[in-house]
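Since the model is a prediction, treat every value here as computed from it, not as a measurement.
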Amino acid sequence: MKDVRIAGVGLTKFGSHPERTGRDLFAEAALAARDESGVSRDDYDSIFYGNFMGELAESQGHQGPVMAEAAGLECPSTRYEQACASAGVAFRQAVQTIRGGGADVVLAGGMERMNNLGTAKVTQSLAIAADELFEVRAGVTFPGAYALMARAYFDEFGGDNEDLAHIAVKNHANAMKNEYAQFHREITLDDALESPVVADPLHLYDACPITDGASAIVLVSGEYADKHDIDAPVSVTGTGQGGDKAALQDREYVAQTPAATKAAEMAYADAGISPDDVDVAEVHDCFTIAEVLALESLGFYEPGEGIGAAARGETTRDGDLPVNLSGGLKAKGHPVGATGTAQLVEMTKLLRGDHANSDAVPDAEVGVTHNAGGTVSSAVVHVLEVMN
């Protein structure tokens, strides 16, 4: 089985870009990753690309070849759709393809453009990632669905809005130095707690924003990197994917996310590590309660213990396990189809030491990313390690 290394990464600024097309956004990220990698244009074997709502936002399906042209490459290109986990799944497929000997060089990434639709249409479009028959028809949106998960968690394990507000404060603070983040604005606990209620018990600052953006990563086999003298100090050592029923009402657990637990266990076993070996994490905090659920599924906390982690300072930049040093989806932004590989771009930079917040984890050697789709009916987890 071939070693998989990260040769180059690229991001756009996350935010509101209604005047730009999706192919323009992806071109920026892909060309940045290509330039950093130093890989010859003729050596790319394939593109694995994540996108969720291209048909709705840009009337554009069949985006694989469109994005290959935007990236300046002439190779097979496949689009992956797994809601908010689209790019994470695309990256996993790229890793498995290289490991299996099907490719030596792959561009993996994703893009989403949403702000051109307006808030009401975006909310409606995102809702199709839920169960149309049993949730969407009943009027469930994702703020409402995650509010149900938060209530279930509070009822089963305890915790309150202040615990969630600490997560929002932490992630906004982390985004301040990240040039790619959508928000560069610190908030206080009072700001979070006094913001409008979106879906009780979740407030405005418990939710991620509507975001446009793109991300891209050049993956190469270790054999290719050595042969071509490619500087690729970060290796992908673990990958895992899990699933659950789409509708919350059909699940055994509402206050836990077994799909992410399965993905994490698979990724850890693949990498030969345990949660105790992880130095830094980027998790899918589309809502603040989602960060809590992620921490527990990743094995960093037992069920019911993750709710106070930010308040206790354990997951802050100065804590034992810094989480979402990028600002997370909460403050960096959440361009749905691009988020999975955006997390991996941030983690690569943190481990290489060239991220704006790398000073918080100067000796980090092992990082984990957690990317979820829907109400975590899909989940993908990756382990990155510094090559010694």
| message | Using the rule given for ring pair (Phe, Tyr, Trp, His ring centres under 6.0 Å), can you reason through Tyr80 versus Phe48, listing the C-alpha separation, both sets of side-chain angles and the distance that settles it, and then say yes or no? | response | CA-CA 7 Å; Tyr80 290 82; Phe48 291 173; 5.6 Å; yes
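- Although no hydrogens or angles enter the test, the distance criterion places no donor-acceptor pair under 3.5 Å between the side chain of Arg113 and the main chain of Gly213.
- Here the closest non-hydrogen pair linking Ala150 and Leu202 is CB-CD2, 4.2 Å.
- Between the CE atom of Met53 and the CG atom of Leu117 there is a distance of 7.0 Å, given to the nearest 0.5 Å.
- Here the side chain of Asp163 pairs a donor or acceptor atom with the backbone of Asp160 at under 3.5 angstrom.
- Taking the centre of each ring, His334 and His284 come in below the 6.0 Å mark.
- The existence of a salt bridge linking Glu69 and Arg23 is excluded, since no basic side-chain nitrogen approaches an acidic carboxylate oxygen closer than 4.0 Å.
- The environment of Phe154 atom CZ is dense: over 12 non-hydrogen atoms of other residues, nucleotides or ligands sit within 6.0 angstrom.
- Look at Glu58 and Arg20 and you find no salt bridge, because none of the NZ, NE, NH1 or NH2 atoms lies under 4.0 Å from a carboxylate O.
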| task | Begin with the C-alpha distance, continue with both residues' side-chain angles, and end with the deciding distance and a verdict on side chain to side chain donor-acceptor pair (under 3.5 Å) for Asn174 and Asn324. | result | CA-CA 7 Å; Asn174 287 342; Asn324 287 337; over 6 Å; no
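- In this structure, OG1 in Thr315 is found 5.5 Å from OH in Tyr301, a value given to the nearest 0.5 Å.
- If you chain together hydrophobic residues whose side chains sit under 4.5 Å apart, Leu31 and Val39 never meet in one group.
- The number of heavy atoms from other shown groups lying within 6.0 Å of NZ (Lys227) does not exceed 12.
- Ion pairing of Lys262 with Asp244 is absent here, as no side-chain N (NZ or NE/NH1/NH2) approaches a carboxylate O to less than 4.0 Å.
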| message | Is there a salt bridge (Lys or Arg N to Asp or Glu O under 4.0 Å) between Lys245 and Asp131? Walk through the geometry before answering. | response | CA-CA 9 Å; Lys245 295 179 176 65; Asp131 189 308; over 6 Å; no
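- The pair Lys177-Asp359 counts as a salt bridge, with a side-chain nitrogen and a carboxylate oxygen less than 4.0 angstrom apart.
- Residues Lys330 and Asp206 are not paired through a salt bridge, judged by the lack of any N-O separation under 4.0 Å between the basic side chain and the carboxylate.
- Within a 6.0 Å sphere centred on CG of Asp277, other residues, nucleotides and ligands contribute more than 12 heavy atoms.
- In this structure, Tyr49 and Phe26 have perpendicular ring planes: the angle between them is above 60°, well past the 30° mark.
- In this structure, the separation between CZ on Arg79 and OG on Ser86 is 7.5 Å, given to the nearest 0.5 Å.
- Under a 4.0 Å N-O distance rule, the pair Arg5/Asp3 qualifies as a salt bridge.
- In this structure, Ser377 contributes its side chain and Gly374 its backbone to no donor-acceptor pair below 3.5 Å.
- The environment of Glu223 atom CD is sparse: at most 12 non-hydrogen atoms of other residues, nucleotides or ligands sit within 6.0 angstrom.
- The closest side-chain heavy-atom distance from Leu321 to Val280 is not below 4.5 Å.
- Considering CG of Leu344 and OG1 of Thr369, their distance stands at 4.0 Å, rounded to 0.5 Å.
- Here Leu351 contributes atom CG and Asp279 contributes atom CG; the two are 8.0 Å apart, rounded to the nearest 0.5 Å.
- For Lys170, the salt bridge (Lys or Arg N to Asp or Glu O under 4.0 Å) partners two or more places apart in sequence, or in a different chain, are Glu291.
- Under a cutoff of 6.0 Å and an axis angle of 45°, Lys332 and Phe14 form a cation-pi pair.
- In summary, the side chains of Gln96 and Thr239 do not present any donor paired with an acceptor at a separation below 3.5 Å, with no hydrogens or angles considered.
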